[in-house]
Structures are given as C-alpha cells and as structure tokens.
Amino acid sequence: MIKNFPLEQTVKPLLEWFQNNARTLPWRENPTPYHVWVSEIMLQQTRVEAVKPYFERFIKALPEISSLAECEEERLLKLWEGLGYYNRARNMQEAARTVIKEHGGQLPADYEKLLKLKGVGHYTAGAIASIAYGIPVPAVDGNVLRVITRVSADDSDIMKQSFRTKVEGALQAIIPKDQASPFNQALMELGATVCLPGGAPQCDKCPWQDFCEAYRQDLWSEIPVKSKAKPRKIEEKTVFIIQDEEKIVLRKRPSRGLLAGLYEFPNISGHLSEEEALLWLKEQNLSPIRIRKLEPAKHIFSHVEWHMTGYVIRVDELAEQKGNMMFVEQAESEERYPIPAAFGAYTKYINIRLGNEKFSGGS
DNA sequence: AATTCGGGGCC
DNA sequence: GGCCCAGAATT
C-alpha cells in the first residue's frame with residue numbers, strides 16, 4: 001500500500017502548501033465543533049460548491065446544537081431540500097438530541113464517542129475530532145484515498161472497506177500530534193484542488209510531485225481503481241399536478257426509503273394514457289374539468305432512474321381530503337413543503353391556468 | 001460484503 | 001452518457 005514511501009518526509013511540504021493554498025470556506029471562518037459537524041455532514045458525497053449556500057442558511061436558521069435538536073422536522077427538511085440524502089438531516093437531529101441528553105450539550109472531544117452518534121462514521125468522527133478539537137486521528141475520505149493511492153501508485157480497489165481501514169492505519173502512524181487539523185484538511189484540499197478526479201491532475205502545483213509514483217509513471221488516469229457500480233433500475237411514472245382555483249394536491253412520502261418524509265405530487269407507476277389517467281382520477285374521487293398532457297422528464301438518482309410523464313389537471317373544487325392526499329394552498333406548496341428536485345420539471349405547472357383543452361382523447 | 005440512500009457539475 | 005463527490009446505515 002503505502003510501502004516504499006517515506007511519508008514522514010511528506011508532512012512538512014504538505015502543511016506548507018496548505019498554509020499558502022487553503023480555500024476560504026464558510027465553515028472555516030469560525031470552526032466551532034457544531035459548525036464543523038454540520039459542514040461535514042453536508043459534505044458527505046456532496047461538493048463544496050453545492051454545500052456553501054446550504055451551510056450559511058442552515059447556521060443562520062439553527063445557530064446552536066439546541067436549536068437543531070428542537071427544530072420541527074418539516075422545517076429541518078425544508079432547510080435540506082435539494083441537498084439530497086435526507087436521512088443525513090434526520091440522523092444529525094437525532095444525534096443533536098443525544099448530545100443534549102448525554103453529553104451536556106457539547107459535542108464530545110472523543111473519537112469513539114463521536115463515532116457512536118447517528119450519522120457519524122469513521123470519516124466524520126475523524127474530521128470533527130481533528131478539525132474541531134485537534135485530536136490526532138485520520139479522516140479518510142475520497143480525496144485522501146485518491147491522493148494516497150496515486151502518490152504510492154497503489155492499484156487497490158478503493159471501494160473496499162478493508163483498504164480504507166489500511167489507509168487509516170497508515171495515516172494514524174504519521175499524523176503530526178500537534179497539527180492534526182491542518183494535516184487532514186491539507187490531504188483533502190490537495191485531492192479537491194490539485195490531485196483532481198475526472199480530468200488531469202495539476203501535478204505542477206503539487207507539493208508531492210517529487211516523490212509521486214503516479215506522476216513518475218504517468219499513471220494518473222489509472223489510479224485510483226474503483227469497482228464499477230451496477231446499472232441503475234429504470235422506473236416509469238406518471239405525475240399528476242391536480243389543482244382547483246387555489247389549491248394543489250400533495251402527498252407526504254413514507255417515513256422510510258427513497259425521499260423519506262418529503263412531499264410529492266401524486267404519482268403512480270407506469271406511463272398512463274389520458275384515458276387511463278382519467279380513470280385513475282375517478283378512482284380517487286376526483287372530477288377533472290380539464291386535463292393536459294405534460295412533457296416527459298427524467299430524474300437520475302444513484303441507484304434508480306425515474307422516467308416520468310405528467311398531466312396537469314383542473315378540478316372544480318378540492319374539498320374533503322381523502323386518504324394520503326393533502327390539499328395545499330398553491331402559494332404555500334413550494335414555500336412550506338419540502339419537495340425533492342426529482343419533481344422539478346413539473347413544479348412550474350403549479351398555479352397554471354388551463355385553456356379549453358378538455359378530454360382531448362388519444363395520446 | 002452488498003445495497004440503499006440525492007443531486008448536480010464536469011468530462 | 002458516465003463519473004464522482006469532505007459517506008453512513010441497513011441488510
């Protein structure tokens with residue numbers, strides 16, 4: 001792995017490079033344990049540029065651990081809306097309540113205790129411990145794995161848990177006891193800004209160029225090795241934008257599974273013809289006055305694709321709510337309810353005025 | 001060890 | 001279209 005590689009000699013140039021090249025990031029301005037924690041949860045599988053505006057809004061809305069612990073789930077999910085992996089938010093709130101109850105309201109300055117918090121794994125526990133408290137433990141994320149495998153020309157599969165554990169062990173041996181925070185951040189920063197994924201790395205800017213085996217052997221495009229994900233499943237859906245003069249129909253998704261607890265437009269499996277759509281509406285005790293077919297839309301998740309079509313439907317009046325259908329003021333629908341980006345192609349039809357198209361027949 | 005969790009930006 | 005991202009929980 002990191003064999004034949006004098007890591008001790010690498011620490012100084014790395015730290016020096018970081019001092020001169022660290023990006024200005026919102027969570028670096030005042031790195032309290034809470035700020036570090038929130039940022040690290042948001043940054044899981046999510047790019048820095050995407051996190052920035054969410055982080056600033058989140059900290060303003062919930063400035064302390066106690067405010068997170070006490071926040072309504074609806075509001076919490078609204079703050080997370082569009083960021084994805086929504087269980088991160090719920091898990092963080094559960095952990096916040098644990099911190100209040102069991103740790104006197106302060107994040108523990110202890111790697112093992114951090115690791116026990118919901119939503120905090122090896123990486124995040126290491127990041128909080130080192131960055132917020134200066135505890136010398138590694139924080140091995142995708143950036144670190146890329147940097148380490150390249151500099152040592154290691155062709156291990158970085159998707160394997162066992163390899164990540166080996167890298168943690170190797171880094172634990174060389175992490176400077178009094179510089180854990182800059183050391184860990186420097187490794188990640190190097191991976192994020194110089195030792196790039198995708199395109200060509202900027203080796204001419206790298207403090208480790210002199211002894212990088214991938215550079216010497218021109219292997220950057222071969223390393224890191226990552227086993228391929230299995231192909232996504234495709235699901236066909238028909239989405240209904242159902243509204244009267246003032247209200248629109250939403251549903252709350254189940255509390256487990258994909259997009260758990262978020263709100264959606266009513267939708268069912270399959271691509272329905274207009275006749276089938278009208279039949280389904282009748283089964284829901286909804287009486288359409290007008291209907292218009294909408295353009296197809298696609299949304300890609302990590303493990304599934306939704307291939308959607310839609311109808312916008314005008315009904316006379318949305319009166320008593322049936323089953324899991326909710327009748328919501330159109331003006332409040334997007335303002336108040338967290339609706340995932342998957343439905344983004346159809347949100348523009350909220351409050352649309354249909355003309356005279358009615359039961360046009362055919363597809 | 002494998003699968004399930006989002007969404008977007010860049011090749 | 002494929003890849004990857006400051007990963008973790010569940011099965």
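Lettering of chains follows the sequences in order, A, B, ..., and the numbering in each one begins at 1.
The base of C:dA6 has none of its N or O atoms less than 3.5 Å from a complementary donor or acceptor on the side chain of A:R88. Side chain A:T46 to base C:dG7: no donor-acceptor pair is found below 3.5 Å.
The CH2 atom of A:W220 sits 13 Å away from the C1' atom of C:dC3 (whole-angstrom rounding). Taking atom CG on A:L258 and atom C1' on C:dA9, their separation rounds to 15 Å, with Å as the unit. Atoms CG (A:D157) and P (B:dA1) sit 11 Å apart, rounded to a whole Å. Regarding A:E305, its CD atom lies at a distance of 14 Å from the P atom of B:dG7, rounded to whole Å. The CZ-P distance, from A:F301 to B:dT4, rounds to 14 Å in whole Å. To the nearest angstrom, C1' of C:dA8 lies 15 Å from CG of A:L43. Note: CZ (A:R90) to P (C:dT10) measures 12 Å, nearest angstrom. The interatomic distance linking A:Q161 (CD) with B:dT4 (P) rounds to 18 Å, in whole Å.
Listed pair A:N143 / C:dA6 meets the phosphate criterion, a side-chain N or O lying under 4.0 Å from OP1 or OP2. Close to C:dA6, at under 4.0 Å from its OP1 or OP2, lies no side-chain N or O of A:K52. Residue A:R256 places no side-chain N or O under 4.0 Å from the OP1 or OP2 atom of C:dT10. In terms of phosphate contacts, A:H303 brings no side-chain nitrogen or oxygen within less than 4.0 Å of OP1 or OP2 of B:dT4. Residue A:Q45 has no polar side-chain atom (N or O) positioned under 4.0 Å from OP1 or OP2 of C:dC5. In this structure, A:Y85 does not reach the C:dC5 phosphate: none of its side-chain N or O atoms is under 4.0 Å from OP1 or OP2. Side-chain nitrogen and oxygen atoms of A:H299 include none within less than 4.0 Å of the OP1 or OP2 phosphate oxygen of B:dG6.
If you check every strand for non-hydrogen atoms under 4.0 Å, A:R146 touches sugar and phosphate atoms only. Using a 4.0 Å heavy-atom distance criterion, A:L25 is classed as a base contact. A:G191 comes within contact range of no nucleotide atom at all, as no heavy-atom separation falls under 4.0 Å. Using a 4.0 Å heavy-atom cutoff across all strands shown, A:K298 reaches sugar-phosphate atoms only and no base atom. A:I41 comes within 4.0 angstrom of no nucleic acid atom, judged by non-hydrogen atoms across all strands.
Looking at A:Y349 and A:Q243, their side chains never bring a donor and an acceptor atom within 3.5 Å of each other. No hydrogens or angles considered: a donor-acceptor pair under 3.5 Å links the side chains of A:Q185 and A:S181. The closest side-chain donor-acceptor pair between A:R88 and A:N91, if any, does not fall under 3.5 angstrom. Remark: the A:T32 side chain and the A:N30 side chain contain no N/O donor-acceptor pair separated by less than 3.5 Å.
Taking every side-chain heavy atom of A:Q44 into account, C:dG7 is the closest of C:dC3, C:dG7, C:dA6. Comparing B:dG6, B:dG7, C:dA6 against the side chain of A:S302 picks out B:dG6 as the nearest. In the set C:dC5, B:dG7, C:dA9, the nucleotide with an atom closest to the side chain of A:N91 is C:dA9.
The number of heavy atoms from other shown groups lying within 6.0 Å of OH (A:Y215) does not exceed 12.
Two rings, from A:W27 and A:F58, have their centers 6.0 Å or more apart. Remark: aromatic rings of A:F301 and A:H299 are close, center separation under 6.0 Å.
Going from the C1' atom of B:dG6 to that of C:dC3 covers 15 Å, rounded to whole Å. Separating the P atom of C:dA8 from that of B:dG9 is a span of 24 Å, rounded to the nearest Å. Separating the C1' atom of B:dG8 from that of C:dA9 is a span of 23 Å, rounded to the nearest Å.
Comparing A:L117 and A:K226 by the nucleotide of DNA chain C that holds the closest heavy atom to each, the one mapping nearer the 5' end is A:K226. Across the interface with DNA chain B, nearest-nucleotide mapping of A:A341 and A:S162 shows A:S162 to be the residue nearer the 5′ end.
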Check the interface with nucleotides 9-11 of chain B: list each N/O to N/O pair with the protein under 3.5 Å, or write none.
none

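Interatomic distance, CD1 of A:I241 versus CG of A:N351, reported as 12.0 Å (0.5 Å rounding). Distance NZ/A:K12 to CD/A:Q179: 10.5 Å, rounded to 0.5 Å. With values rounded to the nearest 0.5 angstrom, A:R336 atom CZ is found 10.5 Å from A:K78 atom NZ.
Taking every heavy atom of residues 118-127 of chain A and every atom of DNA chain C, pairs under 4.0 Å involve A:K118, A:G119, A:V120, A:G121, A:H122, A:Y123, A:T124, by number.
Judged as a side chain to side chain contact (heavy atoms under 4.5 Å, CB included), and not counting sequence neighbours, the contacts of A:L219 are A:A153, A:A214, A:Q217, A:E222, A:I223.
Clustering ILVMFWY residues whenever any of their side-chain heavy atoms sit less than 4.5 angstrom apart, transitively, puts A:I131 in the very cluster that holds A:V48.
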